[in-house]
Each structure stands twice: as structure tokens, then as C-alpha cells.
Colleague: 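Mind looking over this structure? Questions follow.
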Amino acid sequence: MRMAVELGYYTLSVRDLDRAAAFYGGLFGWEFRREHETYLHVTSTAVAMGFVAGGASSQPNLYYHVDDIDKAAERVRELGGATGEIYESKSGRGCSCTDDQGTEISLWQPAPGFA
């Protein structure tokens, strides 16, 4: 039986990573690992998440865990949606998408050790 696709990762967009770490670390007790200058991974949550620098947003960036990013992106387009370029990072491969009504989500195929 095939498992349903679920939320695999999410990020919060913030203006300043250090301030976000101080605020959310103080509020929730979260611990962090800096991946690079614009990304901070939260190491102490059950659902994997992180912070992305570049500007505040009122909505989280949702990354849905898929087994095969290429097939999932193709399926988005078949269903009338659109995808951005597939990118690679330390945590896996991903791409931004919009559904056939313009709602934005992201797809994420985790690298080994990140699922």
C-alpha cells in the first residue's frame, strides 16, 4: 500500500537569522545549526524545519515529502500546475510549485539521512 504524501519540511522566512534564533530559541527552546549564510536549520523539532533569511513572511513555506522529485514535478505540470527549476542542496532535491489555482507549495525529496 502506498503511503500518503505528508509535510516533510517547512521554513519560516525572517529578516535576520540571529534574531530569529534568539527569539524562537528563547520562546520554544529550539536549537539550531547554521547551514549557510541564509539558512538556519532547527535541530530539535519533531517535524523538520528551518529559517530562511531574506524578509519576513506571514505564511510558512511548506515542503511536501516526495519519493521522486522528477516524477512529482512532472505530475504537477500534468495536472495544470507549474514548477520552478529543480534544485539540489545538502538536505536533498526540491522545487517550488503552484497548483492549478495559483497556490504555492514546494516539493522535497530528502537526501539520505534527512528523511
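Starting from 1, each residue takes its place in the sequence as its number. Predicted model only: the values in this text are computed from it and were never measured.
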Colleague: Tell me whether Glu35 at atom CD has more than 12 heavy atoms from other residues, nucleotides or ligands lying less than 6.0 Å away.
Modeller: yes
Colleague: Compare every heavy atom of Val66 with every heavy atom of Pro110, then report the nearest pair and how far apart it is.
Modeller: CD-O, 3.9 Å
Colleague: Applying salt bridge (charged side-chain N to carboxylate O under 4.0 Å, His left out) to Arg34 and Asp18, what does each step give before you reach the verdict?
Modeller: CA-CA 10 Å; Arg34 188 173 296 269; Asp18 293 326; 2.6 Å; yes
Colleague: Using distance alone, with no hydrogens and no angle criterion, decide if Thr38 and His36 have a side-chain donor and acceptor under 3.5 Å apart.
Modeller: yes
Colleague: Locate the shortest heavy-atom distance separating Gln109 from Ile69; write the atom from each residue and the value.
Modeller: OE1-N, 2.8 Å
Colleague: Please determine whether ring pair (Phe, Tyr, Trp, His ring centres under 6.0 Å) holds for the pair Tyr24 and Phe32, giving the CA-CA distance in whole Å, both sets of side-chain angles, and the decisive distance to 0.1 Å.
Modeller: CA-CA 10 Å; Tyr24 290 99; Phe32 305 91; 8.1 Å; no
Colleague: One pair to check against side chain to side chain contact (heavy atoms under 4.5 Å, CB included): Glu74 and Glu78. What are the steps and the verdict?
Modeller: CA-CA 6 Å; Glu74 181 180 333; Glu78 288 171 357; 3.2 Å; yes
Colleague: Go through the steps for Val76 and Leu107 under the test side chain to side chain contact (heavy atoms under 4.5 Å, CB included), then give the verdict.
Modeller: CA-CA 10 Å; Val76 167; Leu107 303 176; 4.0 Å; yes
Colleague: In Å, rounded to the nearest 0.5 Å, how long is the span from OG of Ser91 to OH of Tyr63?
Modeller: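 If we round to the nearest 0.5 Å, Ser91:OG and Tyr63:OH are 8.5 Å apart.
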Colleague: To check you understand the geometry: which heavy-atom pair defines the closest contact between Leu40 and Leu17, and what is its length?
Modeller: CD2-O, 3.7 Å
Colleague: Which value, rounded to the nearest 0.5 Å, describes the distance between Leu12 atom CG and Gln59 atom CD?
Modeller: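 Going from the CG atom of Leu12 to the CD atom of Gln59 covers 10.5 Å.
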Colleague: With rounding to the nearest 0.5 angstrom, report the CZ to OH distance, Phe51 to Tyr10.
Modeller: 7.5 Å
Colleague: How about Trp108 and Cys95: do any of their side-chain heavy atoms sit closer than 4.5 Å?
Modeller: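 No, side chains not in contact.
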Colleague: Restricting to non-hydrogen atoms, name the atom on Thr83 and the atom on Cys97 that form the minimum distance, rounded to 0.1 Å.
Modeller: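 Nearest pair, atom of Thr83 first, then Cys97: CG2-SG, 3.8 Å.
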Colleague: Looking at every heavy atom in both Gly29 and Ser44, which two are closest together, and how far apart are they?
Modeller: O-OG, 4.1 Å
Colleague: When you compare the side chain of Leu79 with that of Asp100, does any pair of heavy atoms fall below 4.5 Å?
Modeller: no
Colleague: Can a donor-acceptor pair be found between the side chains of Asn61 and Ser13 at a distance below 3.5 Å?
Modeller: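 Yes, a side-chain donor-acceptor pair sits under 3.5 Å.
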Colleague: Look up atom CG in Asp70 and atom CD1 in Ile86, then write down how far apart they are to the nearest 0.5 Å.
Modeller: 4.5 Å
Colleague: Apply side chain to side chain contact (heavy atoms under 4.5 Å, CB included) to the pair Ile105 and Asp99, showing each step before the final yes or no.
Modeller: CA-CA 8 Å; Ile105 64 165; Asp99 68 14; over 6 Å; no
Colleague: Which heavy atom in Met49 sits nearest to a heavy atom in His41, and how many Å separate them?
Modeller: O-ND1, 3.4 Å
Colleague: Any sub-3.5 Å donor-acceptor pair from Thr43's side-chain atoms to Glu31's backbone N or O?
Modeller: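 Confirmed, Thr43 side chain pairs with Glu31 backbone.
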